[in-house]
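For reference, the structure I am asking about is given below.
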Amino acid sequence: MSLFYSDISSEQHISYSDLITDLSNISKHSPYCFEQGYYQTFLRIIFSMLSGKKITLLDPDLSSESLKDLTGHSDFASFEEPTSSVRIPKTKHELIQSLRNTSDSWELTLFTSGTTNKPKAITHSFKSITRNTRLYPHTDSPKIWGFSYLPTHMAGVQVFLQALLNGDSMVRLIGLSKKDQIESIQKFNVTHISATPTFYRLLLPTDEPFPTVQKITSGGEKFEASLEAEISKTFPNATFTNVYASTEGGALFGAKGEVFHVSESIKDFVRFKDEELILHSSLLGKSMQNNIEWYSTGDLVEIISESPLQFKFKARISDQVNIGGFKVNVLEIEEVLKQHPAIKQSRVFAKPNSVLGNLLCAEIIASHSISEKEIRTFLASKVQEAKIPRMFKFVDEISTTSTGKIDRKVA
Amino acid sequence: MDTTLLGIINTVLDNRSKPTISELKDSDHFRDDIGFDSLDLAELTVRIEAEFDVDVFENGLVNTVEEIKERLMQKA
């Protein structure tokens, strides 16, 4: 029987037949999904789809205080209702057919990760959340996905649905040690990985390449050209796609390398204002459509060509910091730092300062010994004086958010 | 304290490839005598804060070495 989900850290190996058994044993539905295990979350989402009932996904690490803040409730047990009427399919084929025909009454609500501000709720219909899901013909051999996002976040839900609606397998990679990630990719012959650039930066380089991987997708943060070279070395048989996606809009644009293409079909729904990308509400989730016609994404882009419409992602507006009146894009500095052979990863940030308002600082993960002075000399040859961080701190770890992006809220 | 302060000031100078100083006089003026600009002063405050846990600029700008030492004494 074919594999649905595997997690080597908890020795969990679930086939589609196990999944159907577990679905049959569910007797209650709750509109709130607050599960510790990834598989439990998948199970709850699938069950809600089969029953056509609304579901709200909550991160497993939320405190009871934040839960109340987000949902307005502190006790979810009272929302549970018995569900005897749900018909659970008997075979994998039947299950997938039923899920592909999920009813319009089903709604999925999730929260933006709040990388830069307070999380906000976004509700999607089956149609809006699967806009970019590809259904492949039966003749295609099943794919094995390295699951690298949280299942309670937009990107995770999209990978999950892409895999599920095609009857593919998923193997957990997120939250595992590098050693376990490598073992999982090799043991299960993973064919597809979709993850943030930070995920790839932390995984690479590896001692051996992974020849089984056919497709690498990256999204959620700015992707630097140097990372693409590393990726093609480690995944020699994989094609590489960069996607522009957000919780509000899902996956919208694809790119080979750094240049995103806006397809003809959605071209009229995309605008730019002062370099910022603006999207029409019809491209967004259901809950966003009532409020506004045009949505400001907070993403700064550079237009490469008007026809066909192509752009490059530059930064989040919030990635720009003001240092004594001088605007600095922290991503630009991180990218330059990455070019130094001794620097594995960095986080550049503004520290509030009584003299200048802000002072530019950096945390560095070094792969071998390097002094602050050497980094400074290196940067001086590449960027303007005001863009050189004034304080460097050498660290073993740079904190990431639950979605696997660099945490920019830490000061 | 003097030696630590001298060390911090020289780190800031050296980082900007400016000539370092061998001794610290209380009357030394940061901009005129030591050669600091506003970025250097900002860096100095962060480094002093890291070392002594005192924000010497909290109550307004400081111009001389003596003034910094006074602020540090007050907090000590």
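Worth saying up front: this structure is predicted, and the values here are computed from it rather than measured. In the text below, chain A, chain B and the rest are named by the order of the sequence lines, each starting its count at 1.
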Evaluate whether atom NZ of A/Lys178 has more than 12 neighbouring non-hydrogen atoms of other residues, nucleotides or ligands under 6.0 angstrom away.
yes
Are more than 12 heavy atoms, taken from residues, nucleotides or ligands other than B/Asp53, located less than 6.0 Å from that residue's CG atom?
no
For A/Glu334 and A/Lys338, what are the C-alpha separation, side-chain angles and deciding distance, and is it a salt bridge (charged side-chain N to carboxylate O under 4.0 Å, His left out)?
CA-CA 6 Å; A/Glu334 286 173 7; A/Lys338 186 90 205 314; over 6 Å; no
Considering residues at least two apart in sequence or located in another chain, which fulfil the side-chain contact (heavy atoms from CB on, under 4.5 Å) criterion with A/Gln310?
A/Val259, A/His261, A/Ile304, A/Ser305, A/Pro308
How would you list, by chain and number, every residue that makes a ring pair (Phe, Tyr, Trp, His ring centres under 6.0 Å) with A/Phe313, sequence neighbours excluded?
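In terms of ring pair (Phe, Tyr, Trp, His ring centres under 6.0 Å), with neighbours along the sequence ignored, A/Phe313 is linked to no residue.
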I'd like to verify something: which residue of B/Leu44, B/Thr45, B/Asp14 has the highest number of heavy-atom pairs under 4.5 Å with chain A?
B/Asp14
Chain B contact residues among residues 365-376 of chain A, heavy-atom distance under 4.5 Å:
A/Glu372, A/Lys373, A/Arg376
If the condition is side-chain contact (heavy atoms from CB on, under 4.5 Å), which residues does B/Lys69 pass it with, not counting sequence neighbours?
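Partners of B/Lys69 by the side-chain contact (heavy atoms from CB on, under 4.5 Å) criterion, ordered by chain and then number, come out as B/Met1, B/Asp2, B/Leu5, B/Asp26, B/Val65.
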